[in-house]
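The structure appears right after this line, and notes come after that.
Note on naming: letters A, B, ... go to the chains in the order of the sequence lines (proteins, then strands), and numbering restarts at 1 for each one. None of these values were measured; they are calculated from a predicted model.
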Number of protein chains: 2
Amino acid sequence: MVEPTGLEQMVCFQLYAASRAMTAIYRPTLDTLGLTYPQYLALRVLWHRGPTTVRELGTILDLDSGTLSPLLKRLENQGHVRRTRGTEDERTVVIHLTEQGSALRTKAADLPAQVACAVDLTDDEFAQLHHLLGKVRASTTL
Amino acid sequence: MVEPTGLEQMVCFQLYAASRAMTAIYRPTLDTLGLTYPQYLALRVLWHRGPTTVRELGTILDLDSGTLSPLLKRLENQGHVRRTRGTEDERTVVIHLTEQGSALRTKAADLPAQVACAVDLTDDEFAQLHHLLGKVRASTTL
DNA sequence: CGCAATTAAGTTGTGCGCAACTAGAAAGGG
DNA sequence: CCCTTTCTAGTTGCGCACAACTTAATTGCG
């Protein structure tokens with residue numbers, strides 16, 4: 001290690017820089033769909049889970065209502081989702097995909113493959129990276 | 001993998017989530033110093049390199065002037081740095097540490113160790129992670 | 001039951017990131 | 001030497017993240 005900066009520091013910075021670099025790969029395609037990366041993540045959850053409360057989205061994406069509320073409002077204004085009060089528990093707000101929001105799924109279908117191509121890692125390396133990032137998240141969440 | 005989401009996607013999300021989780025570890029200590037994580041990164045560069053132009057900082061941190069200009073202005077308002085026009089090339093702005101800014105270095109000295117402790121990875125795993133993140137950054141920067 | 005404690009979502013305020021643009025200085029070619 | 005092109009910072013605008021707070025609904029304990 002040539003840097004006199006300390007390894008953990010570098011890992012943290014690498015994490016910070018790599019995360020931004022990765023989302024930058026998504027940006028051009030997401031731009032054509034009129035989506036940001038966090039909006040895309042929220043839609044993915046809805047595509048896979050169906051109707052989901054704000055709280056559940058927050059747990060899955062590790063985001064709070066301060067981030068999600070305005071984000072979901074923008075998705076609603078764009079016509080991709082609808083927000084309805086939960087019937088059983090009126091504190092909750094359930095997010096539903098609209099037809100338009102569901103249709104986006106096929107339009108965004110080839111995004112993961114694009115990204116996998118752009119990033120020069122083998123399947124093994126992807127798996128390793130995934131494993132290590134999981135450990136980082138696990139040790140920090142506790 | 002129970003998720004039907006595709007590995008690259010998950011890696012990207014893991015990257016995004018792990019990066020935020022990592023900076024969250026720094027936050028409590030940085031709060032006591034009155035710094036944000038990006039401000040801390042900028043100061044690290046100055047601690048190691050001495051006077052540095054905005055452009056050089058941008059290259060090292062992979063940030064543009066739209067991010068750095070206001071960040072550095074805040075660091076100047078806090079008394080940690082001074083900004084002076086370059087003498088040879090008057091387009092450039094050189095960032096200098098003040099006494100106070102240099103003094104912060106010792107106060108932040110034990111931060112990396114704290115973080116290394118908080119994250120449950122072996123030295124080998126840190127090295128692996130560092131290597132893989134480097135590859136991600138390299139393949140995306142090109 | 002009644003009421004305090006908890007919980008869900010939203011709001012406000014601050015600081016990034018990043019795109020798009022501006023102002024001003026330097027470089028370079030005719 | 002002038003003028004276009006390039007380059008450095010800075011500004012503006014938007015959308016996250018996140019802390020702190022508000023509102024309203026639910027829980028649960030005496």
- prompt: When you match B/Leu71 and B/Thr87 each to their closest nucleotide on DNA chain C, which lands nearer the 5' end?
  reply: B/Leu71
Tell me the interatomic distance from [X], atom [atom1], to [N], atom [atom2], rounded to whole angstroms.
{"X": "B/Glu88", "N": "C/dA26", "atom1": "CD", "atom2": "P", "value": "9 Å"}
{"X": "A/Tyr26", "N": "C/dG17", "atom1": "OH", "atom2": "C1'", "value": "18 Å"}
{"X": "A/Leu63", "N": "D/dC16", "atom1": "CG", "atom2": "P", "value": "10 Å"}
{"X": "B/Leu30", "N": "C/dC16", "atom1": "CG", "atom2": "P", "value": "11 Å"}
{"X": "A/Leu57", "N": "C/dA8", "atom1": "CG", "atom2": "P", "value": "14 Å"}
{"X": "A/Met22", "N": "C/dC18", "atom1": "CE", "atom2": "C1'", "value": "19 Å"}
{"X": "B/Leu61", "N": "C/dC16", "atom1": "CG", "atom2": "P", "value": "12 Å"}
{"X": "A/Glu76", "N": "C/dG10", "atom1": "CD", "atom2": "P", "value": "9 Å"}

Taking only N and O in the side chain of [X], is any of them less than 4.0 Å away from OP1 or OP2 of [N]?
{"X": "B/Tyr16", "N": "D/dC16", "answer": "no"}
{"X": "B/Arg74", "N": "C/dC16", "answer": "yes"}
{"X": "A/Gln39", "N": "D/dC16", "answer": "yes"}

- prompt: Is there a chain of hydrophobic side chains (I, L, V, M, F, W, Y, each step under 4.5 Å between heavy atoms) that links B/Leu43 to B/Val94?
  reply: no
task: Assign a letter to each nucleotide of nucleotides 4-11 of chain D from its 5' end: B, base within under 4.0 Å of a protein heavy atom; S, sugar-phosphate only; -, no contact.
output: ---BSBBB
query: B/Tyr16 vs A/Tyr37 aromatic rings, parallel, tilted or perpendicular, using cut-offs 30° and 60°?
result: perpendicular
message: Can you tell me how the ring of B/Tyr40 sits relative to the ring of B/Trp47, calling it parallel under 30°, perpendicular over 60° and tilted otherwise?
response: perpendicular
statement: side-chain contact (heavy atoms from CB on, under 4.5 Å) with B/Leu57: of B/Val54, B/Leu61, B/Thr53, only one passes, and it is B/Leu61
message: Any carboxylate oxygen within less than 4.0 angstrom of a Lys/Arg side-chain nitrogen, looking at A/Arg82 and A/Glu76?
response: no
task: State whether a side-chain donor-acceptor pair under 3.5 Å links A/Thr98 with A/His80.
output: no
- line: Scanning both residues in full, the closest heavy-atom pair of A/Lys107 with A/Leu33 reads CB-CD2, 3.9 Å
